[in-house]
Amino acid sequence: MAHGALDNEIQFLPGVGPKRAKLLAEELQVATFGDLLRLYPFRYVDRSSVQNISDVVSDSAYVQILAKVVRVSLLGQHSQPLYVKEMTATIEGRDDGQIKFNTVKRLSAIVADASGEMEIVFFKGIKYMWNRLIPGANFIFFGKPTVFNGRVNMVHPEVDNLPQSGTLGTTGTLTGVYPGTEKLKNAGVTNKVMNRLMGLALERCLGDIRETLPDYILKEKGLVPLRFALRNIHFPSDATALAKATYRLKFEELFFLQLSLLKQKYVRSRSEVGLMMPKVGEAFNACYNALPFDLTGAQKRVIKEIRSDMMSGHQMNRLLQGDVGSGKTMVAVLSCLIAIGNGYQACIMAPTEVLAQQHYHNISKYLAPTGVSCALLTGSTKASERRTIHSSLQDGSLGIIVGTHALIEDTVIFKNLGLAVIDEQHRFGVEQRSRLWRKTASGIPPHVLVMTATPIPRTLAMTLYGDLDVSVIDEMPPGRKPIQTVLLAERDRGRLHNFMKKQIASGRQVFVVYPLIFESEKLDYQNLEKGYEDIVAAFPFPPYKVAIVHGQQANDVKNFNMDAFVAGRAHILVSTTVIEVGVDVPNASVMVIESAERFGLSQLHQLRGRVGRGSEKSYCVLMHGQKVSKESQKRLEMMVATENGFELAEEDMKMRGPGDLEGTQQSGLPISLNIASLAKDGRILTDARNYATHVLDADPVIEKPENKILAEELRKDKYQRQDFSKIS
Ligand code: ADP
Ligand code: MG
């Protein structure tokens, strides 16, 4: 569809040209006039007010001052003054024609208002500024203050003449601050130039801007028209207009994102047949009735959701989120038993050998009353056993198989796989999961349940997994004791060791975890080895036994050491984060995290979840280094303050942005957001999603005439990325 001026190449906007166009494309992905208009300010400066110089501090964001030029100096290589002019006279008696600007390195101007003085510095455009900054004249300076030699100054501020009237205006004075880069600035594309370009582009395009939301949506949601929104996001006529423009653009962005996700989900759920599993079955009931505890309300609700998926005739694609210890395994087992009850097989896939073993162990216990057969298949399963397992899977005599990646090898063939449970979803790639998918003889894909203990903020889940169904276990089994979390520094190490000894003396075990961060792996291993030696020195054998586990050990060594700890033969387990996922040692009551400031909140939370699984009171000790940034300090304090994984995940997202969250790196956001923020606009997101559902209810494939412009928008490339989070 033609958009008139909106599609014009950016180089043809006056003041741009080929060179700047190339930079705009490279640095800001702006290729057309329309792209430029969709580049929004990330903040606004109120140009109607100025600050007193005496109030400007180094960490002020942007400031605006109205000041008189007092003295301007041109400085040379070693900061020696070459030329100086002051209000009263031009020193050195030279006129400007004689100045050798090529020897000048820096221009320094002292400017003053009634409250004080400050220095303004230019390294570029020196000649121009020398001529412009005439002592005695007043200007408006706008920029970001910095500190140099203990004094606050401003480097390369924007310089404006005073408005005609001599006073500052009061309307239309909110000025957008655009994202920019050093390269753009060097090419002269300053924020001021950005503003000018934006004005020109807006002027040229305004007539061609077409509404992207149908009238009825604008009315029902009380949104301003796109034209108004684009004009006011760049040049707000006042704060109210800006708020309306911002809301409209955020809503639009989130609405289309959700609409595209929900539409995909709808289309898929209609088009993909799933195995029909109408019965609950005897095995389910036998297991359920033999449980030593009642399921929590959340577990019951989730099992109901899964059941109704499995009997719907459509393939289940469900993500099960639940904090560590919330009882996901139980849910997985009961789901498997539904498949069994309907004559199908089920598999449970774990990311590591240790976890697969642990699952196998727990699941076998739950299965005992049912008589359902279960086996374990991992990389270290013996060849003869492997052959038996393969053939019993193929002839259908084996009901449930638990394992690692070994399950997706081509040699593994199921008679009729009905359900695949995948634990800790983010460790498996899409390709690996799709190999499971191909393992059904009927060609009908198995139902898929992905379990993750990484709490993802609700807004992020809605977006990352927007086309999946998400179940959340948001309730812990009763009787769990809170974990006490404490922050300790190096000087407290003696106290820590005494505390550990007391815990060990009362029969408990202790985890000690070291960070392992890719970039400095070598150093990290040194830390780990050193830490291990220190622990062994402080906890000598006999009576103490210390095991160590890390990623560079051979598998059998790792398993041996891990087993020693799981079985209670070792008192202390020193490790890297390999133990992060799922390991269950109910007798371990202390988790010591070394250099805790180097972990993200989600990861700290995962690690802490390793303890508190038994009946004893548990502790998490966060050891931190000397230099801890403000932000890290805040993270550590959050950990002390709450045990709620979802709260921590929300906070983590606010602090680090959604892109850096645990478990989201690989999947990535489906589209990049221009104006809305998943961390801050949760309410608009929820509203947009509900509204998208409402629109789809009335018009499931977006084909009604009143939704024509929605359909057009959804055809755009950015919404065409299919199946980014499809899990089967
Ligand atoms: P997750 O896999 O979600 O981290 P698990 O499934 O390993 O959690 O469960 C943690 C512990 O809680 C296990 O020992 C399990 O037997 C127990 N458990 C599960 N559900 C309940 C329940 N409803 N009531 C009491 N204990 C439960
Ligand atoms: Mg688990």
Side-chain angles (χ1 to χ4, degrees), residues 284 287-306 318-337 346 348-352 354-370 374 400 402 404 421-427 449-456 470-483 509 511 566 568 577 579-589 591 602-618 620 643-646 648-649 662-663:
F284 181 102
C287 174
Y288 190 89
N289 293 331
L291 283 180
F293 44 70
D294 287 333
L295 293 183
T296 61
Q299 283 172 316
K300 285 183 190 159
R301 187 189 69 236
V302 167
I303 288 168
K304 236 182 237 163
E305 287 165 354
I306 291 169
R318 188 169 282 279
L319 177 75
L320 174 59
Q321 266 193 285
D323 226 329
V324 260
S326 61
K328 294 184 295 295
T329 314
M330 200 57 250
V331 170
V333 170
L334 289 170
S335 307
C336 289
L337 290 176
I348 298 180
M349 195 153 85
T352 66
V354 173
L355 272 177
Q357 274 166 11
Q358 200 153 74
H359 268 315
Y360 175 68
H361 178 78
N362 291 334
I363 289 166
S364 303
K365 259 190 332 207
Y366 293 131
L367 290 180
T370 67
C374 179
I400 297 177
V402 179
T404 54
V421 178
I422 303 173
D423 198 7
E424 293 302 339
Q425 162 262 349
H426 60 273
R427 308 271 160 136
L449 180 67
V450 172
M451 306 197 290
T452 175
T454 310
I456 300 169
V470 179
S471 290
V472 180
I473 306 187
D474 50 6
E475 183 186 348
M476 285 291 182
R480 266 179 49 110
K481 296 216 170 84
I483 302 168
Q509 290 164 281
F511 288 108
V566 173
T577 49
I579 58 144
E580 183 190 335
V581 185
V583 165
D584 194 10
V585 186
N587 191 47
S589 62
M591 166 62 69
S602 307
Q603 213 178 4
L604 288 172
H605 177 67
Q606 293 284 306
L607 288 169
R608 180 168 59 184
R610 297 300 120 220
V611 295
R613 310 192 124 207
S615 49
E616 302 302 318
K617 179 167 168 57
S618 295
C620 174
E643 250 192 88
N644 183 316
F646 285 92
L648 289 168
E662 215 65 34

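Each residue takes its place number in the sequence, starting with 1. All values below come from the heavy atoms of this structure, side chains included, with hydrogens, waters and symmetry mates left out. Source: prediction; values computed, not measured. One-based numbering, in listed order, for ligands and for the atoms of each.
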Original post:
Under 6.0 Å from the CG atom of D294, do we count more than 12 heavy atoms belonging to anything else shown?
Top reply: no
Subject >> Any N or O of G327 closer than 3.5 Å to N or O of ligand 1 >> reply: yes
Original post:
G325 to ligand 1: N or O pair under 3.5 Å?
Top reply: yes
Tell me the closest heavy-atom pair linking [X] and [Y], and the distance in Å.
| X | Y | result |
| --- | --- | --- |
| H605 | N644 | CE1-C, 4.4 Å |
| R610 | M591 | CB-CE, 3.6 Å |
| G645 | D323 | N-OD2, 3.3 Å |
| T296 | P478 | CG2-CD, 4.2 Å |

**OP:** Mind checking whether D294 contacts ligand 1 via backbone (N, CA, C, O), side chain (CB onward), both or neither, at a 4.0 Å heavy-atom cut-off?
**Re:** backbone
**OP:** Of the side chain and backbone of M451, name the one, both, or neither that has a heavy atom under 4.0 Å from an atom of ligand 1.
**Re:** neither
Would you mind running through ligand 1 and noting each atom that sits below 4.0 Å from a heavy atom of [X]?
| X | value |
| --- | --- |
| T296 | 23 (N) |
| L295 | 23 (N) |
| Y366 | 15 (C), 16 (O) |
| Q299 | 19 (C), 20 (N), 22 (C), 23 (N) |

Original post:
Which one of P477, G322, P292 has a non-hydrogen atom at the shortest distance from atom 26 (N) of ligand 1?
Top reply: P477
**OP:** Please work out which of T329, D323, V333 has its closest non-hydrogen atom nearest to atom 2 (O) of ligand 1.
**Re:** T329
**OP:** Would you please say whether a donor-acceptor pair under 3.5 Å links the side chains of E305 and S471?
**Re:** yes
Subject >> Side chain proximity check, Q357 to T404, heavy atoms < 4.5 angstrom >> reply: no
